[in-house]
Amino acid sequence: MAFVQIRDMSVAFGSAPALRGISLSVERGEALGLVGESGCGKSITWLAALGLLPRSAKVGGSVLLDGVELIGASPSVLEPVRGGRIAMIFQDPASSLNPVHRIGHQIAEALALHRGLTGAPARAEVIRLLDQVGIPDAKTRANAYPHELSGGQNQRVMIAMALAGEPELLVADEPTTALDVTIQAQILDLLGTIRRDTSMGLVLISHDLGVVSETCSRIAVMYAGRIVEQAESAAIFANPSHPYTRGLLGAMPPISGPRQKLVSIPGSVPEASRMPQGCAFAPRCSEAIADCTRVDPAAVTVEANHLAACIRATPAKTGTRTPERVLA
Amino acid sequence: MTASQMPLLSAQDLARTYSIRRGMAGRVTNVRAVDGVTLTIARGETLGLVGESGCGKSTTARLVLGIERPDEGQVRFDGAPMPGSGSPGWAALRKRMQLVFQDPLSALDRRLPVGLQIREPLEIHRMGTPAEQNARVAEVMEEVGLQPHHADRHPHALSGGQRQRAVIARALVTQPDLLVCDEPISALDVSIQAQVMNLLVELQERLGMGMLFVSHDLRAVRQISHRVAVMYLGRIVEEGAPDEILHAPAHPYSQALVSAIPHPGKTARRIVLQGDPPNPADRPPGCAFHPRCPVTAMRCRTETPLLKPRPSDGRRVACHVAQGEVAPGHVGQLELS
Ligand SMILES: Nc1ncnc2c1ncn2[C@@H]1O[C@H](COP(=O)(O)OP(=O)(O)OP(=O)(O)O)[C@@H](O)[C@H]1O
Ligand SMILES: Nc1ncnc2c1ncn2[C@@H]1O[C@H](COP(=O)(O)OP(=O)(O)OP(=O)(O)O)[C@@H](O)[C@H]1O
Ligand code: SF4
Ligand SMILES: [Mg+2]
Ligand SMILES: [Mg+2]
């Protein structure tokens, strides 16, 4: 069974459905990319799984961590998971580092909380972690305040804090979006190195298919609170089977070849309170047929390990066995 | 030089230094945001300006529009020196040069319907009768792909793409000769970015204006521009045709930028630059890129390379090594830290 198995998870704020049935699984040591445009529900998928949404959010469905249910679980179940077995780097780094504490102190707190380390061993571990994430002169820099570091360095500190609990899975929510391109390359490189060295799993959340494709072996594409396609990264690019995925790929300007008009997706993302009938993408979809506005499409297997939630997606020939993992 | 050969815009050796006060002691530091930028834009041409945060792109945009005065250097628009900001001559020129900003929501007044806001420049510059103004607003809205009924909507009742279209419509309503777009797509969703890029390319081809397209996204810059200038710490370090720069970057910094573009199925190794982006208040001597450069040679630490055509193929690049003036320095530099 998968390390994390999300089944039919839903989240609603008031009457607005923000997640409308997410099924997704993450294997041990796997790097999964979660992509989609602003507001499609990438962040709340993981906030809900870890019980971090405000009480006003109605959460349904199931999230199993190694077979243990997390939805509705008691604090004694959730606390060792958060920051321990599953660490999350939140989208807004400014809100996650405390400006009035030295960074070494903040990492030490995480070490005390998750591993019971204090005193000299904790100090040594802080320096090892800062070293691991590539902060030069870690001994001195441990005494710095967040504002004394660059954006890229603060992001490294966030990663060090996440690693403090020796997590089995790291959920990194847009860890490079606010950073310059050359610094983004450094951070992605770092995440790859850490994964190789620790066999930790990674969920990389991003709006950028390009960023995710280089780091992750599998990709799930979200639209309006649903996962509309998931497959191995190579298959997403070789055989995109949901029109929205094709739209995202077409919208990315190529870096070689003739310069042509981009295939853009008309219109914009629907609001949660005004979700269209049938397939939520239908009003923007160039391939929509009459049924698309009536039937909310279920995910079909287009080839092994490749699911698409589009009624026009062509199912695999009979006989292709679908591994349990993607069926989730 | 005949009028048709004369560039629409030419900027020569622009420099701009800001004095900022730091901390309680109020120590003043000088930030040389733009340090000797020379560029030209012809009618019907789009120049893409790329570079990382703080390298001086927006400052360059303000200088070429005359919104700010350069400390050194000169801007010429349509052959004549740029009048001082706020002068009557400048105010009259503003209708011929317009600016589109990054965030459409903050560029628009939330209390007013967008139709009125699109019309506003016509009123400011007293262009046409009210009836002519109505007709022009309707025309420009159609040009940018807005529906007539959108005119009555407030900004928050439009989608992100529609808002940026409204901002572009307002910039185009006076039929400017020069359009400066400062990160016009960065705040937009991916699918909307493509809509706006298509629109800018199409409008530029149809209306023939000159355009300065500022972005940190090399893919977008390639899509839109006829020529690309790469900026690093206040200077243009390389300039050329988009595909020359993307496929055979000459400057080590351009090489790193190009190799950092994420793309599916990438096999080439990424050049991961060591170190942080530089601080413009503490500009390294010599080539400002030398502390991060994988091929720094001795001369790079002391002598600032000039932007000039390189002997081998005429590419304009400011680098001692790319120019073939010195041999590449120790490549082991890459593995530092
Ligand atoms: N606390 C909340 N109360 C009400 N609505 C919320 C709350 N948190 C999130 N939402 C809504 O849920 C939807 C999904 O939000 P989420 O933050 O998961 O999007 P996202 O895919 O991470 O987007 P982005 O790329 O902008 O980070 C959005 O429409 C958002 O406005
Ligand atoms: N009005 C100002 N006062 C003081 N410093 C300024 C001012 N405007 C810009 N700067 C500084 O000048 C440098 C260049 O800034 P500029 O905004 O031109 O960069 P940019 O390339 O547009 O960056 P970004 O990609 O982040 O928009 C920065 O260090 C910035 O902090
Ligand atoms: S001049 Fe020297 S330091 Fe600067 S980019 Fe060229 S090789 Fe690197
Ligand atoms: Mg988010
Ligand atoms: Mg700027």
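Just so we're on the same page: letters track the sequence lines, and every chain starts at 1. If you're wondering where the values come from, they're calculated on a predicted model, not measured in any experiment.
The closest side-chain heavy-atom distance from B:V190 to A:H207 is below 4.5 Å.
Chain A forms more heavy-atom pairs under 4.5 Å with one residue of B:S191, B:S53, B:G145 than with any other, namely B:S191. For chain B, the option among A:I183, A:T215, A:I255, A:V181 with the highest count of heavy-atom pairs below 4.5 Å is A:I255. Among A:A238, A:P266, A:G267, A:G152, the residue with the largest count of heavy-atom pairs under 4.5 Å with chain B is A:G267.
For A:Q260, the part lying under 4.5 angstrom from a heavy atom of chain B is the backbone only. Within the 4.5 angstrom heavy-atom criterion, no atom of A:V212 approaches chain B.
Summarising the local packing, CZ of A:F13 is surrounded by more than 12 heavy atoms from other residues, nucleotides or ligands at distances under 6.0 Å. In this structure, B:E142 places its CD atom where only 12 or fewer heavy-atom neighbours from other residues, nucleotides or ligands lie under 6.0 Å away.
Heavy atoms only, all atoms of each residue included: A:S268 and B:I192 are closest at CB-CD1, 4.0 Å. Scanning both residues, A:E214 and B:I261, for their nearest heavy atoms gives OE2-O, 3.8 Å. Pairing each heavy atom of B:P242 with each of A:R259, the nearest pair is CG-NH1, 3.8 Å. Between B:Q223 and A:P254, the shortest heavy-atom distance links the atoms OE1-CD, 3.9 Å. Closest approach of B:H247 and A:S256 over heavy atoms only: NE2-CB, 3.4 Å.
Of the inter-residue distances, the one linking B:D189 atom CG with A:L248 atom CG reads 9.5 Å to the nearest 0.5 angstrom. Interatomic distance, A:T182 OG1 to B:R292 CZ, rounded to the nearest 0.5 Å: 4.0 Å.
When atom types are taken as modelled, the side chain of A:Q186 and the backbone of B:L273 share a donor-acceptor pair closer than 3.5 angstrom.
Residues of residues 194-212 of chain B placed with any heavy atom under 4.5 Å of a heavy atom in chain A are listed by number as B:A194, B:Q195, B:M197, B:N198.
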